[in-house]
Structure formats: structure tokens, C-alpha cells
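Shown next, in C-alpha cells, is the structure this report addresses.
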2 protein chains.
Amino acid sequence: MTDQHCSNCPMGRSCLPADLDPAELPALDTVPTRRLRLKKGETAYRVGDPALAIYAVRLGTLKSHVVTEDGRSQIVGFHLQGEILGLDSVFAPTHPSSATALEDTQLCVLPVSALQAVLPRLPTLRRHLVLALAQEAQHDRAMMTTIGLMTAEERLVAFLLQHSERLAARGFAPNEFVLRMSREEIGSYLGLKLETISRLFSRLAEAGQIEVHHRHIRLLRPDVLRRIYRRSRSVPATVRTAHHCAAGTEPATAVLESLTAL
Amino acid sequence: MTDQHCSNCPMGRSCLPADLDPAELPALDTVPTRRLRLKKGETAYRVGDPALAIYAVRLGTLKSHVVTEDGRSQIVGFHLQGEILGLDSVFAPTHPSSATALEDTQLCVLPVSALQAVLPRLPTLRRHLVLALAQEAQHDRAMMTTIGLMTAEERLVAFLLQHSERLAARGFAPNEFVLRMSREEIGSYLGLKLETISRLFSRLAEAGQIEVHHRHIRLLRPDVLRRIYRRSRSVPATVRTAHHCAAGTEPATAVLESLTAL
DNA sequence: CGGGAAGTTGAATATCATCAACGGTAGTGG
DNA sequence: CCACTACCGTTGATGATATTCAACTTCCCG
């Protein structure tokens, strides 16, 4: 829980500053970025906690999840290195979901009060956050149709491809990776049971489309997988990932601009 | 398609101005609100259309829906009188869904260009729109867990209660109403087939919890229904409806404020 | 090295989808 | 205004997909 600054952060540009105008770095450093270290299974916040900060994932992976009154639970999102956490509280006074580390994880805490003070001087940071918000909204919409419209196999394929793309955007190999989450967690995310996920992995492997060793996945026929995915998905991706959207490019959209305009 | 103004609109305060500071009405009237009349089945916009305007439902009901490449389709939202339409394009240059009238419908067109010009002088309108956006994001998140976590019966109960609440917020009877959508459309919205909806209506009626005559629904045991709903839902409602949130009340949230602040 | 969690696989089951037939309603045009 | 028709809705029988229950294996973590 040490106080540090983004410009001397060893993660360098893989995190928040990735999108920023270098000229704004000094201003970014005026935000006191408290570090939060979580061991596997620990939470950054829980449902109902007052939403006082948002978080940047410095290292590690987390899940956002909700629980019903009678104990059913669902994972509503996974958060990888460099992503923003806690934005689902933008429109609410308290966090609508809990955030739990899937492995040992380090977060940078961005207190809302500090953001409020500094965002006017950091247009590219604001842009980055708004983009992240856009992605989250789009993700929820996409998941809604993924769960509502797709078969179990299609859902798992969609999950693998999305995961692959997110890793690729961070510079990792797209066709070979180690999952940070259990079968149960994947199932919870996709509205399926862990046994179903296990069977589907076996089935896809037997069909020669993937290779599975525990949590180590290799996509052998990404083209075939992508065809399955494309047939069944509804909303073509429109919002670019933050990493693809360099500072100063086209405005998110006119509607958004008019809402956030002075 | 006549040009008119909000202050002499016969809908009066049931529509956009409901939340507004009366002092801002004259400024609101500088927005040219073109009228759009749709017959049942006609669309206000389709997937991929450039997002040039948002819409207020003056009269009638619409559905937002998406389609997959291989023809499956899902309804992602219904829009009642007084609600805002087209906000799902906030973060995208084109509409990610189509909007189709379920009955003869009248919309007020709010061109983005006009909004951009007038929003700085209409803080309560901007607030209204941002709240509408918040509700939509919350709705998508809730639907995601509704479809992922709930049984068919729970989903239908959730739908009926939500519908009831939305009608009540508009001053209609909460426990007796006429659905504007078919069984198939309800099913599409809930990730179920029309036969399943039909059977569930019959089953709930036989259990004495509702009364069904075609599309006329009466909730006989709203308390029982609400218990089913509460047990199975994950995210407690936090964002108030626009109608409940009078102008000048507490800020939406600190996070939001910091993002939209100058 | 031991114990517990995670994963796999099989068999039985449940839930919802599909296929099919039929009745009713509302909307259309004569 | 009535009759016709197309769509909507209901219900039953059958079937597919994913769940549940259960036994067993493997892998980590301590």
C-alpha cells in the first residue's frame, strides 16, 4: 500500500498511461495512486460498498461477480492487466458487484475525489476512462445476447476467442495461453455448469480445434472457431479497445460528445 | 413530421419535460423536435444506421432488437411512452440495434447536433439523458444475470413485475395492464421460445397468481410474484427512474460527476 | 508426501425446444 | 357489416441440450 506515481511505475506503458499524451504525465502523477495488493481470493470491494474509487489492474486477474438472495451467483466480467475496474459503479453510489482476485494481484487505486480534481486537466485520461466505460456497456450487451442466443459450445468458443483477442491486445500470443479461472468460473460467466465446460473442452479437443492441458489452452483452428463465433454473434464490435485507440483519434461518438460536453 | 415544441406538446409533462426545471423550458424549445410517426412494424432506425439522433417516445411502444449472421434474433429492450430511445449508440458511430414500433407510435426526434448546441444551457436535460443512459446500462447488466441465472418461470415473473413497475411510474394501474408485445417477443426478450411463454402464463394462471386474457394481464398475487423475483435477482435496483428523480436532487454518483465534469 | 481442490467422465434426469395440430382473434377488404 | 384470412396463442407429444448426481483421477499447495 505504498504511494507511488505512474511515471516511475515499472509497468510502464502497459497500464493506464498507454493512451495518454506524454505531456499529461506530470499531471497524472498528481493523482496519489495507492497500491492495493490482493492474494488469490481476496476482494478489492464487495457489493454494496460505497463507490469511492476506481482501480487499474497493475498485475494479475480479477473477476466481477454478483449473488442472488438465495445464493446463486454469476460472474459478470473478468479483468486483465491494464484494465479498469469498478466502473460499473459510475451510475450508482455503491458497487453493484464484488471484485475478487483470481491470482495474486496488484491494483492502483484511483480515488474518485482525486479524479474529480485532475480530470479537467487530463482530457486523454478522461477519454480513456469513458472508452473503458463504453467497452463495459458494450460487453454487457454482448453477453446478454451471448447467453440468450448461443448454444453452450458457441458460448465457450466466444469466450476463448474474446480472451485470445484481449491477450493479443496486450502483446501476448493469441493462440496459446493459460487461463486464470477455473471451469466453474468460466461456466458461471457463460451461464453454464462446470461439467458442461469440461465436456465442451474435451469435445473441442477431440474435434482437433483446440488443445487442452489443464488450464493451458492452444487454439489449433482459430479460423474454424471464428466461423462458429461469427455465425452466432449479434453485435459487430464497434468500440475499439483502448490500446488500439491512440490519443487524439476520432471522437467516440457525437452523442457521447454532446453528453459530456461542457 | 411537423416541427413543434415541447412546451406546447399535448403530452405535457409525461414526456421529456417531466424532470426539467420549468425555467429551462424556453431553452428546450430551441431544439427543433421533428415528429416521427411509425405504424406498427415500421422502424425508427436499423442496425448500422449512422447515429444522428436520439428519440423520445411520445406515444406508443417500441422494441430494440439485434440479429445474428445466421438469422437468430433477440429483443434487447422495450420502450414505453416517455422513454428515451437510441441511447445505445452513445458510444458508437452507428446504431447497434434496430428499433421497431409494436403499435402505432409517435416519436420526437432529437438531433445530436441540436443537443450538442443546447445541452450546455440545459443541465437538467443532460441529467435526464445521463440518467436514462444509466438505466439502460443497469438494465443490460440485470438482463445478463436474469437470463444467465433464472429459470424460465422466474424470468417471466421478473418481466411482468418490471413491466408493472414501469407502468406504475407512468401513473397506470400496476396490477392490470395490456401487453403490447406478442408471446414470441416476450420470449425473444427473455431467451425463451413463444410456446414456453404461453405455457408459463397458463401455469401461473392455474396457480392463481395471475389472470390472463390474451394480452390483458392481471396480477392477482403481486406479493408472491415479488418473492419469487427477489429470491432470484442479483442486483438490487439503485438508479431511480427518471420520473422518481426530481430535478436538483442528489448527484447520480461521484464517479459519474468526475467523468462528465468540465 | 498427504490432503483438498479442480477436473473428467458416465448415467440418469429435468428443463426447455421442437414439431404439430388446432382454436381464437383481430384486421382487411368486399 | 360480415366474411375471410393471416397471425397469434394454446396445448400435447416428442426430443435435444444442458443439469444433476456420482465416482474417480489428477494436480497443486502446504
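Both backbone and side-chain heavy atoms feed into the values below; hydrogens, waters and symmetry mates do not. All figures in this text were calculated on a predicted structure; none of them were measured in a lab. Throughout, a chain's letter reflects where its sequence line sits, starting with A, and its residues are numbered from 1.
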Subject >> Step-by-step salt bridge (Lys or Arg N to Asp or Glu O under 4.0 Å) determination, A/Glu69 to B/Arg231 >> reply: CA-CA 5 Å; A/Glu69 203 172 283; B/Arg231 294 168 60 88; over 6 Å; no
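At least one donor-acceptor pair closer than 3.5 Å links the side chain of A/Arg155 to the backbone N or O of A/Met150. The closest donor-acceptor contact from the side chain of B/Asp70 to the backbone of A/Ser232 lies at 3.5 Å or more, if one exists at all.
Whole-Å rounding puts the A/Arg215 CZ to C/dT8 C1' distance at 14 Å. Distance B/Ile217 CD1 to D/dG9 C1': 12 Å, rounded to the nearest Å. Put simply, CD1 on B/Ile186 is 17 Å from C1' on C/dC16, counting in whole angstrom units. Across the protein-nucleic acid pair, B/Leu194 atom CG and D/dC8 atom P stand 10 Å apart, rounded to whole Å. Summarising the geometry, the separation between CG on B/Leu156 and P on C/dC16 is reported as 11 Å, rounded to the nearest angstrom. In this structure, CZ of B/Arg180 is placed 15 Å from P of D/dC8, rounded to the nearest angstrom. Per the geometry, CE belonging to B/Met150 stands 15 Å off C1' belonging to C/dC16, to the nearest Å. Summarising the geometry, the separation between CD on A/Glu154 and P on D/dA16 is reported as 18 Å, rounded to the nearest angstrom.
Residue contacts for B/Ser182: at a heavy-atom cut-off of 4.0 Å it reaches the sugar-phosphate backbone alone, with no base atom in range. Residue A/Gly187 is classed as having no contact, given no heavy-atom separation below 4.0 Å to the nucleic acid.
Taking the six-membered ring for Trp and the full ring otherwise, A/Tyr189 and A/Phe78 have centroids separated by under 6.0 Å.
Nearest to the side-chain atoms of B/His214 among the listed nucleotides C/dC19, C/dT25, C/dG7 stands C/dT25. Of the candidate nucleotides C/dG7, C/dC16, D/dA22, D/dA22 has the atom nearest to the side chain of A/Glu195.
Using a 4.0 Å cut-off, no side-chain N or O of A/Ser198 falls inside it from OP1 or OP2 of C/dG7. A close approach under 4.0 Å does occur between a side-chain nitrogen or oxygen of A/Ser202 and OP1 or OP2 of C/dT9.
Position along DNA chain D of the nearest nucleotide to A/Leu192 versus B/Val212 favours B/Val212 as the more 5'-ward residue.
Scanning atom types as modelled, no donor and acceptor separated by under 3.5 angstrom connect the side chain of A/Arg199 and the base of C/dG7. For a distance-only test at 3.5 Å, the side chain of A/Arg203 fails to qualify as a donor-acceptor partner of the base of C/dT9.
The residues A/Arg170 and A/Glu83 are annotated as salt-bridged, a charged nitrogen and a carboxylate oxygen being separated by less than 4.0 angstrom.
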